[in-house]
S.K.: 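Take this structure first; my questions come after.
Numbered from 1 within each chain, the chains take letters A, B, ... in sequence-line order.
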Amino acid sequence: EEAPRRGGTLQSVLWPEPPGIMTGIYTQSSALLPTTKIFESLLTYDFNLNPHPNLAESWEISPDGLKYTFKLRENVRWHDGEAFTADDVVFTYGDYLIEVHPRARAVFERAQVSKLDDHTVVFELKEPFAPLIRSFDLCCLIVPEHLYKGTDFRKNPNNLAPIGTGPFKFDEWKRGEYIHLARNDDYWRDGLPYLDDIYYRFVPDAASRALALETGQMHIATQNDLELFDVDRLSKLPHLDVTTKGWEWGSPIVWIEMNLRKEPFSDKRFRQAMMYALDQNYFRDVIFQGYAKVATGPVHSASPFYEPDVPAYRQDLKKAEALLDEMGLKPDADGKRTTIKLLGLPYGEMWNRSAEYTRQALRKVGIEVILEPSDPAGWATRTRNWDFEMTMYFLTTMGDPALGVSRTFLSDNRKQGVLFTNHAGYANPEVDALFNKAAVSVDEEERKQLYSQVQKILVDDAAVLWLVELVWPTVYNKKLHNVVTGASGPNSSFADAWLAE
Amino acid sequence: MHSWRIGVGAVLLGLITVMAIAAPLLAPFDPMAISGPPLLPPDASYLLGTDMLGRDVLSGMIHGARVSLIVGLVSALCSAGIGITVGAIAGYFGGAIDRALVRFTEFFQVIPSFMFVILLVAILTPSLLSITLAISVVIWPPVARLVRSEFLTLKTREFVEAARSLGLSHGSVIVREILPNAMPPVLAVGSLMVATAILTEASLSFLGLADPNMTSWGYMIGSARPVFRHAWWLSVFPGLLLFLTVLSITLLSEGLGDKSNPSLRGQAGH
Amino acid sequence: MSLLRIEDLRIALPKGGDRAFAVDGVSLHVDQGETLCVVGESGSGKSLTASAIVGLLPSRSLRVAGGRILFEGSDTLRMSSRELQDLRGGRVGFVFQDPLSSLNPLERIGKQVEEVLRQHRWTGDHRQRVLEMLSAVQLPSPESLVEAYPWQLSGGQRQRVMIATALATRPSLLVADEPTSALDVTTQAQILELLRDLTKQHGIALFLITHDFGVVARMADRVAVMKSGKLVEYGTRDAVLRTPREAYTRKLLDAVPPLRAGPARPAGEPVLKATGLTKSWVTRGSLFRPGRTVAALKNVSMSLGHGNTLAVVGESGSGKSTLARVLMCLTGADSGQADLVGINANYLGLRSRDLATVRRNIQLVFQDPYASLNPRRRIGAAVAQGPLAQGEKPGAVHARVAELLGKVQLDPSAADRYPNEFSGGQRQRIAIARALAMRPRVLIADEAVSALDVSVQAEILTLLKDIQRDEGLSMIFVTHDLRVAARMADQVIVMQSGCVVEQGAMQDVLTAPQHHYTAALIDAVPSLPSISVQQ
Amino acid sequence: MRFVYAFAAWLPRALLVLVAIGLLNFFLIRLAPGDPASVLAGETGASDARYIEEIRKSYGLDQPLWLQAATYLRNLATFDLGVSYRMQRDVADIIGERIPATLLLTSTALVLAIIIGTLLGIQAARRAGTWQDTVISAFAMLCYATPVFWVGLLLVLLLSVHAGILPPFGMSGLIPKSGFAAVLDALHHLVLPVMTLALFYFAVYVRLGRSATVEVLGRDFVRSARAKGLSERQVLRRHVLRNSVIPVVTMAGLQVGQLLGGAVIVESVFAWPGIGRLAFDALMQRDYNLILGIFFVSSIMVVLANLITDLAVRSIDPRVGRS
Ligand SMILES: Nc1ncnc2c1ncn2[C@@H]1O[C@H](COP(=O)(O)OP(=O)(O)OP(=O)(O)O)[C@@H](O)[C@H]1O
Ligand SMILES: Nc1ncnc2c1ncn2[C@@H]1O[C@H](COP(=O)(O)OP(=O)(O)OP(=O)(O)O)[C@@H](O)[C@H]1O
Ligand SMILES: [Mg+2]
Ligand SMILES: [Mg+2]
């Protein structure tokens with residue numbers, strides 16, 4: 001193993017160009033890459049989602065699961081030289097995130113955060129919420145109280161040149177071209193970071209991105225940056241490496257959500273028929289080029305709560321047709337039984353192809369699908385307002401089902417106008433009860449038990465059409481070391497990443 | 001000298017039209033159906049290869065001709081309708097009506113038309129209807145200008161005065177006396193509108209503003225863009241056909257419009 | 001030795017042209033200081049002959065197929081382009097027909113005149129010479145004129161500039177290709193005068209192309225008559241004009257009407273009366289430029305008797321056409337009144353759908369036989385159009401069309417053909433038939449014959465007279481040609497800048513003009529009898 | 001003085017066009033399905049009701065329609081193009097950063113297309129009917145019929161992927177350079193996009209240059225010039241060129257709008273950081289305020305270009321602006 005080298009400039013692909021890189025405000029996945037180099041959270045997580053100290057040196061959870069006490073590091077300074085204190089933490093989790101970040105709000109609203117002394121904070125809960133310790137993730141990074149308190153967070157001038165505690169400082173944003181981060185010489189981890197600076201380059205064309213990695217002009221690309229068949233090709237090049245680790249924290253699942261308020265989706269047999277008509281292996285092999293796993297249910301297979309023993313839907317056109325016949329949806333002269341609409345995810349070619357394949361596969365059993373074109377805003381608006389028949393997207397299930405899974409199925413989470421809630425209108429008292437009980441339980445075994453029950457029910461119900469679990473590749477130059485070291489993968493701080501000569 | 005252009009153009013365009021009409025008979029596969037392994041280079045059974053999902057490129061191209069030609073023709077007809085009406089009224093009646101209509105036309109000529117098309121289609125969401133509509137809305141000004149200038153000269157021609165002094169109404173003077181004489185150059189420019197419309201539709205599709213329920217050339221090229229370095233056949237062949245179509249129409253229009261003013265060409269953009 | 005000698009010149013037309021040779025074996029010569037007039041009908045090859053002299057054939061597709069053109073002894077057909085350039089504008093000056101487009105619109109007058117001096121390395125002060133030439137052609141205030149642009153000058157002024165340019169380098173030959181036919185009569189006369197004076201004064205030979213025998217009579221020493229590319233008659237002016245040898249020449253000469261009024265017919269009951277007609281054309285100004293108002297008619301009154309012909313004469317822009325259009329209700333008048341006596345009192349200002357009786361009773365024949373027929377309408381349909389629009393029965397209209405075509409001496413089969421299959425004279429007959437189809441009481445002819453060759457002109461005039469007699473028509477005859485007016489009209493009104501400056505019986509006005517403008521008009525007419533006067 | 005007049009005549013028309021575009025923008029948003037406020041907020045609005053309120057207030061969406069339109073126009077007049085809710089920045093600022101790149105690309109392409117195209121067109125006209133004419137015209141015809149985006153892709157495939165001589169995207173290399181090297185670097189990156197964009201317009205100017213010259217060559221004053229003893233070259237330079245350039249300049253003015261449309265495609269093919277690609281990105285995100293802003297700013301550019309052409313035509317053609 002080589003010794004780490006100091007110096008060097010990391011050239012990273014970034015696409016699309018994020019609207020901004022202030023943590024909390026800009027939560028687009030492309031914003032996270034630079035944001036996580038500038039800001040830090042209390043904890044980090046390993047591949048098994050176990051917490052490790054970061055800005056918090058140590059922590060303690062009371063046995064009743066109601067009180068979390070964090071001891072903060074003392075030698076940390078903001079990029080502008082101010083000291084990092086408990087006030088910053090209290091402000092971030094008690095004020096800032098609650099206002100700007102809807103998902104963080106859902107978690108931290110449950111807690112009362114206060115400072116014990118300058119370097120100790122405590123989170124107090126009314127009822128236990130086991131996932132809290134897994135919630136100090138890359139969406140919940142700490143912002144400087146002295147610059148934000150009392151201001152209009154969204155219009156704060158510092159948003160354009162964010163001040164954090166991370167190993168890299170914001171230097172320049174050349175619009176349309178790159179974001180430049182420079183080394184933070186006062187970083188609290190002595191001798192780190194290794195890299196002198198990082199350029200995040202906006203390269204809009206996937207083929208160009210692949211070419212740049214191929215020629216060694218760029219060192220790293222991740223998530224959707226590359227077309228998957230390019231990944232396959234690039235992985236065979238001697239100077240490049242590929243890893244699919246580092247997305248455990250997100251655990252994204254691709255699915256089609258149906259509007260259960262409408263015919264024929266309200267009929268379980270119709271949903272099951274569609275499950276039988278679709279070939280998940282095709283999604284995995286052709287559309288996602290092997291960078292996916294077949295999804296069997298609502299919980300990601302990387303989660304400790306995953307239940308493999310659920311009803312399986314292998315592609316079986318006969319079964320699908322039998323179910324449709326049973327429902328009374330007989331084929332007409334053209335073999336057409338019914339016509340439904342699918343709102344595709346407007347995030348690029350891969351998603352177009354997924355929608356197009358779905359249309360072709362369902363047509364084989366007599367279900368005619370009309371694809372509805374849309375755009376990100378239109379998709380979001382229609383989905384959150386329940387204005388769809390079927391909508392395809394991927395949801396990050398975030399390790400713990402209480403954080404990422406139950407939101408889609410709880411009947412009291414049917415919140416029209418809020419994205420990533422229970423858009424479909426699924427309502428099952430049994431499911432509600434199981435999810436609610438599991439969320440407040442502090443007994444890991446009991447939670448596993450409850451979640452596995454819930455999974456069986458939902459899968460049998462075909463509450464959504466599960467397709468695949470996404471596996472995002474990170475392709476990087478072998479000269480780059482310590483790229484993916486934990487659950488946040490390339491979204492880690494890169495303090496110990498280094499470039500060989 | 002110019003008849004060969006009409007000849008070559010007509011033959012080419014004829015072939016493409018026949019292809020579009022007989023698409024279900026000619027295409028070896030259903031253009032939407034997954035009929036083979038993905039990204040297969042051209043070979044004996046998939047003459048022009050397959051795309052990312054394993055759909056036959058040749059079949060897609062053959063069916064894509066329909067969208068291109070329909071959008072081209074319908075937009076050109078609509079825009080000719082708008083252009084002729086505006087131009088004829090402005091040129092014939094003159095005065096304040098003319099000034100107002102000229103301003104109106106100028107406005108549509110000044111605005112960055114392709115951006116306007118993009119905006120319209122994006123806002124109305126892409127469909128055959130919205131695309132055709134948006135294209136028609138921006139490409140008519142050259143027709144209107146041409147018709148107006150033809151009317152300005154023709155209306156002072158003595159046969160028009162003669163028709164008026166024989167007691168014909170304004171309507172029949174416009175429609176039966178002047179318009180037929182203004183038609184040849186309008187036909188030339190109008191046929192060029194077809195080409196412009198086809199190119200605009202392709203450009204829109206290329207940018208992702210396409211109706212996903214139809215195969216079109218621009219859409220094929222646009223969706224193949226991520227892979228065009230490896231699967232060149234996905235963008236080269238549809239582009240070639242698009243090019244040939246536009247070329248044939250341009251040849252035809254050149255031939256037709258040889259006598260009309262060529263400076264009116266090249267108005268609407270890509 | 002002749003200054004210019006053309007020997008057996010042949011110019012080939014491209015395949016599919018009117019004929020094989022545009023110019024076919026023409027031989028002529030021009031001596032030092034003399035004037036040769038070349039006449040002949042349109043398309044006879046006059047212009048091509050002239051342009052061949054210095055190698056300026058208008059198109060690559062035309063080619064000199066044989067012969068020699070000796071200028072001062074050397075054959076210009078064999079000259080290098082360098083030598084030809086020295087000749088052009090240096091030893092040979094050129095003036096073309098259309099003064100409106102012969103000057104580059106983007107350059108100042110002075111520069112364009114000076115260019116020829118520069119090109120031929122005129123020794124001496126260029127500017128001085130330019131001013132000298134501009135005053136020689138009697139242009140007002142040359143100093144300011146050199147700064148002007150062509151489009152700021154009138155047609156006559158531009159033609160003077162062209163003459164100044166052509167003569168600036170003191171050429172020994174001036175070629176002028178119909179230099180006045182685009183100008184109005186009075187200006188025409190002035191320009192011809194000027195050309196004659198300048199060439200005689202400096203001993204410059206003049207090769208003058210014209211189709212007007214009046215011009216020939218006034219200008220020529222010798223005359224060449226061309227027809228279909230061939231030289232048909234060639235001789236001194238007096239010999240050709242007085243004792244033409246060829247029938248063709250005689251026909252051309254006979255067709256020129258004398259400036260003499262025929263016997264006046266008795267004045268009939270008035271059928272059409274107009275009083276106090278006023279009409280102004282307003283051109284729109286912009287923010288900073290005031291609009292321009294042209295008073296095309298100022299308080300014009302006229303009266304037309306039954307069976308009579310009223311001539312309206314005057315120079316270009318004097319308002320003749322405007323008068324005709326106002327009477328036809330093709331243009332509204334600002335004020336004034338017109339009555340179709342006994343049918344429709346004060347019909348001006350009626351709305352277009354109430355004009356049926358006016359349309360029925362007044363019809364129009366236009367100047368340009370090529371523009372007055374819709375090229376996309378068959379002749380029969382064109383003639384039938386009016387009655388059909390008035391609601392007559394198709395059957396009856398059909399019969400009338402056949403009858404009318406016969407009356408204007410056209411074959412009945414003409415009904416199924418398109419205008420482009422007819423000659424100019426035939427088209428004018430069709431236009432007359434179309435007007436007659438409405439059975440009008442009044443026929444207005446606006447320059448109905450001025451676009452036609454003299455011989456055809458004569459035929460149409462005769463036809464109109466015959467029809468007028470047969471149908472009992474009253475006629476308003478608009479023309480700028482006094483000779484034509486004299487031949488046709490009983491009464492005349494003379495217009496200048498929108499005003500009627502004189503009116504009365506044709507004969508009286510011709511013999512004893514009251515207004516000096518009328519007198520000037522009469523003087524300006526180049527006419528054959530003037531030959532004797534000139535000598 | 002004429003130029004002052006030209007300006008004074010242009011100003012009210014330009015203002016009229018801009019007001020009309022403003023109104024068009026205003027109504028376009030309302031054409032979109034759904035509440036204008038959430039349309040404007042785009043994706044961001046999906047999660048935040050606060051924005052929607054903010055937009056409602058800043059656009060006066062609770063007021064009567066005509067008042068809203070008036071507010072909108074007043075904002076435009078002060079160059080307040082609103083906020084891109086996705087980028088959380090003023091639209092005017094975002095566009096301002098991108099304009100130079102677009103100006104560089106489009107003006108280079110237009111100037112090259114005009115110069116090369118017109119010269120070739122004139123050459124073709126002089127040799128009308130010969131093989132030179134045929135070759136030039138045929139080449140122009142091919143360029144004319146080629147879809148811009150396709151050419152872009154082919155050029156990348158040939159010149160960057162296979163030949164490797166030109167960079168396929170961006171405006172600068174990965175390693176930032178300074179001084180002259182930076183200029184060279186930018187020029188190097190400029191080649192492909194300019195070629196692509198210029199190709200179509202090149203064809204237009206060949207055709208226009210040719211037809212204008214053929215027309216001028218047939219005019220009588222050319223014959224007069226020859227009759228003065230000028231050589232063909234002199235005739236061309238002194239009399240034909242200026243006359244045949246007039247329609248070219250006029251056309252160039254009319255085409256600026258089209259050129260900006262072409263920039264949308266070319267910039268997105270070549271990742272050129274100008275307003276064309278910005279428009280494309282905004283389009284993909286349906287960042288309507290930004291697209292409308294770009295549309296408005298492009299229109300201003302076109303209107304300005306019209307003034308420039310008008311002045312250029314005036315300086316060539318003394319007839320314009322006088323009677
Ligand atoms: N550029 C040309 N190309 C082809 N044919 C031409 C051209 N110019 C003239 N001709 C033909 O040559 C013949 C003679 O033409 P020319 O111009 O010399 O006649 P013209 O006697 O001057 O007649 P006009 O009195 O109408 O001017 C005509 O038949 C005409 O059609
Ligand atoms: N449609 C019009 N608009 C503006 N001005 C006009 C119009 N028609 C004629 N004029 C002007 O009115 C005046 C008289 O024109 P009119 O046509 O009656 O003259 P004319 O005597 O028939 O001349 P010509 O012999 O040249 O035919 C001219 O100055 C002319 O410029
Ligand atoms: Mg002639
Ligand atoms: Mg007249």
S.K.: Using side-chain heavy atoms (C-beta onward) and a distance below 4.5 Å, is D/Val302 in contact with B/Ile111?
M.R.: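 D/Val302 vs B/Ile111: side chains apart.
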S.K.: Report which part of D/Leu142 has an atom under 4.5 Å of a heavy atom belonging to chain B: side chain, backbone, both, or neither.
M.R.: both
S.K.: How long is the span from the CZ atom in D/Phe280 to the CD1 atom in B/Ile118, to the nearest 0.5 Å?
M.R.: 8.5 Å
S.K.: So which heavy atom on D/Val269 is nearest to which on B/Arg225, and how close?
M.R.: CA-NH2, 3.6 Å
S.K.: Taking atom CG of D/Asn25 and atom CZ of B/Phe116, what is their separation to the nearest 0.5 Å?
M.R.: 9.0 Å
S.K.: Between B/Ala195 and chain D, with a heavy-atom cut-off of 4.5 Å, which part of the residue counts as in contact: side chain, backbone, both or neither?
M.R.: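 Nothing of B/Ala195, per the 4.5 Å heavy-atom cut-off to chain D.
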S.K.: Would you find more than 12 non-hydrogen atoms of other residues, nucleotides or ligands less than 6.0 Å from B/Phe107 atom CZ?
M.R.: yes
S.K.: Might you work through the side chain to side chain contact (heavy atoms under 4.5 Å, CB included) test for B/Leu242 and D/Phe149, ending with a clear yes or no?
M.R.: CA-CA 11 Å; B/Leu242 176 59; D/Phe149 54 90; 3.9 Å; yes
S.K.: Of the listed residues (D/Gly253, D/Ala305, D/Ser268), which shares the most heavy-atom pairs with chain B below a 4.5 Å separation?
M.R.: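 Most heavy-atom pairs under 4.5 Å with chain B: D/Ser268.
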S.K.: Which pair of non-hydrogen atoms, one from B/Phe243 and one from D/Thr146, has the smallest distance, and what is that distance?
M.R.: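 Nearest heavy atoms, B/Phe243 then D/Thr146: CE1-OG1, 3.6 Å.
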S.K.: For B/Ser235 and D/Trp150, which heavy atoms make the closest approach, and how far apart are they?
M.R.: O-NE1, 3.0 Å
S.K.: Name the region of B/Val117, side chain, backbone, both or neither, that has any atom closer than 4.5 Å to a heavy atom of chain D.
M.R.: neither
S.K.: For D/Tyr144 versus B/Thr250, what's the shortest heavy-atom pair and its separation?
M.R.: CD2-CG2, 3.6 Å
S.K.: By a 4.5 Å heavy-atom criterion (distance strictly below it), what part of B/Leu119 contacts chain D: side chain, backbone, both, or neither?
M.R.: side chain
S.K.: Using non-hydrogen atoms only, which part of B/Leu209 is less than 4.5 Å away from chain D: side chain, backbone, both, or neither?
M.R.: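 B/Leu209 touches chain D through side-chain heavy atoms alone.
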S.K.: Which heavy atom of B/Met115 sits nearest a heavy atom of D/Leu260, and at what distance?
M.R.: CE-O, 3.8 Å
S.K.: Checking side-chain contact (heavy atoms from CB on, under 4.5 Å) between B/Ser203 and each of D/Val264, D/Ile265, D/Val148, which is the one that passes?
M.R.: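 Going through D/Val264, D/Ile265, D/Val148 one by one, the side-chain contact (heavy atoms from CB on, under 4.5 Å) with B/Ser203 is satisfied by D/Ile265 alone.
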S.K.: D/Leu153 and B/Phe206: which non-hydrogen atoms are nearest, and at how many Å?
M.R.: CD1-CE1, 4.0 Å
S.K.: Below 4.5 Å from any heavy atom of chain B, which atoms of D/Leu157 appear? Answer side chain, backbone, both or neither.
M.R.: both
S.K.: What's the spacing between D/Ile291 CD1 and B/Ile123 CD1 if we round to 0.5 Å?
M.R.: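 The distance works out to 7.5 Å.
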S.K.: Would you mind checking which part of B/Leu240 comes under 4.5 Å of any heavy atom in chain D, side chain (CB onward), backbone (N, CA, C, O), both or neither?
M.R.: both
S.K.: Working to the nearest 0.5 angstrom, can you tell me the gap between B/Glu106 CD and D/Arg13 CZ?
M.R.: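 Atom-to-atom, B/Glu106:CD and D/Arg13:CZ are 4.5 Å apart.
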S.K.: Side chain, backbone, both or neither: which part of D/Ile21 has a non-hydrogen atom closer than 4.5 Å to chain B?
M.R.: both
S.K.: Does any non-hydrogen side-chain atom of D/Val161 lie less than 4.5 Å from one of B/Phe228?
M.R.: no
